[in-house]
Amino acid sequence: MSSVVDIQNVSFAYGEKPALEDVSLTVEAGDFLGLIGPNGSGKTTLLHIMLGLHSPDEGSVELFGEPVDEFDDGERIGYVSQQATSQGGTMPVTVRECVRMGRFAHVGHGRLSDADKRIAEEALETVDIANLADQRINQLSGGQRQRAYIARAIASEADLLALDEPTVGVDAESRDAFYQLLDSLNDSGITIVLIEHDIGVVTDRADHVACLNTTLYHHGDTESFVESDALSEAYGTTGTVVHHHH
Ligand code: ADP
């Protein structure tokens, strides 16, 4: 069986400035991977490379067993970017319209059937925003918008959900409910890759942790991460200059 994500020896630089050096990591079906690292450590860059939004300078990337540049099952992936949450885009679509868009890939150029519409309504229920269906996306709070994009991914039957710091600007209570929603989606079989600045969230909920600072300091299960020195090494909180070899 192939991995959902398979990244091998990826390096990437913005001009002269390396953002990723020789990063290899795999994500298996059903996994919940927490991707952590200090600000500017390359997390978003790695996620973009994973999803084919940037091409690596070196190395290879496969999604669902196919080279990422040949991958064209976009509906299998739900991606919630930082910008999506904080700005909500410029299109004045309603929440219901946004979530129905998740069905477009399944109907080609055809019209949505009643069954497609039902799937969209169920997705709204799953993330608990059916009451917001007629509101415009750009008028929602960040946390509500989060859920709308996740509902769209559910409606499209995405089996990989990639989220970039999804709870920035979301209040503590809604955050907790949001992470419970992620857990239940993961329990239903959806693979999750979560960039998260709150390390406690990752150690509480993720199965695997990738700890990044240009190079990978740890990639493995959450228990072995907690027992390792990867965190202080990657974040430099020991106060000493960290030397590492690869
Ligand atoms: P993180 O998500 O961990 O905060 P990023 O992947 O956004 O890190 O950025 C990694 C590094 O690449 C940072 O030093 C950042 O300043 C730089 N960087 C990110 N995007 C660009 C860009 N479009 N052009 C130039 N440098 C960038």
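Here the structure is a predicted model, which is why all the values come from computation and not from measurement. Numbers for residues simply follow the sequence, beginning at 1. Atoms within each ligand, like the ligands themselves, are counted from 1 in listed order.
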J.: Do Asp116 and Ser113 have side-chain N/O donor and acceptor atoms under 3.5 Å apart?
T.: yes
J.: If you draw the axis of the six-membered ring of Phe64, does the NZ or CZ of Arg76 fall within 45° of it and under 6.0 Å from the ring centre?
T.: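 Relative to the ring axis of Phe64, which defines the angle, Arg76 lies inside both limits.
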J.: Side chain to side chain donor-acceptor pair (under 3.5 Å) with Arg175: which residues, sequence neighbours excluded?
T.: Thr167, Asp198
J.: Looking only at non-hydrogen atoms, find the nearest pair between Glu97 and Val93 and report the distance.
T.: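 Looks like OE1-CA, 3.4 Å.
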J.: Salt-bridged, Arg147 to Asp128, with N to O below 4.0 Å?
T.: no
J.: Kindly give the heavy-atom pair with the smallest separation between Glu21 and Thr215, and that separation in Å.
T.: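 The answer is O-CG2, 3.6 Å.
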J.: For ligand 1, which of its N or O atoms have a protein N or O partner closer than 3.5 Å, and how long is each gap?
T.:
| unit_1 | atom_1 | unit_2 | atom_2 | d |
| --- | --- | --- | --- | --- |
| ligand 1 | 2 (O) | Thr44 | N | 2.9 |
| ligand 1 | 2 (O) | Thr44 | OG1 | 2.8 |
| ligand 1 | 3 (O) | Ser41 | N | 3.1 |
| ligand 1 | 3 (O) | Ser41 | OG | 3.2 |
| ligand 1 | 3 (O) | Gly42 | N | 3.1 |
| ligand 1 | 3 (O) | Lys43 | N | 2.9 |
| ligand 1 | 3 (O) | Lys43 | NZ | 2.8 |
| ligand 1 | 4 (O) | Gly40 | N | 2.8 |
| ligand 1 | 6 (O) | Thr45 | N | 2.9 |
| ligand 1 | 6 (O) | Thr45 | OG1 | 2.5 |
| ligand 1 | 8 (O) | Gly42 | N | 3.1 |
| ligand 1 | 14 (O) | Lys17 | NZ | 2.4 |
| ligand 1 | 20 (N) | Tyr14 | OH | 3.4 |

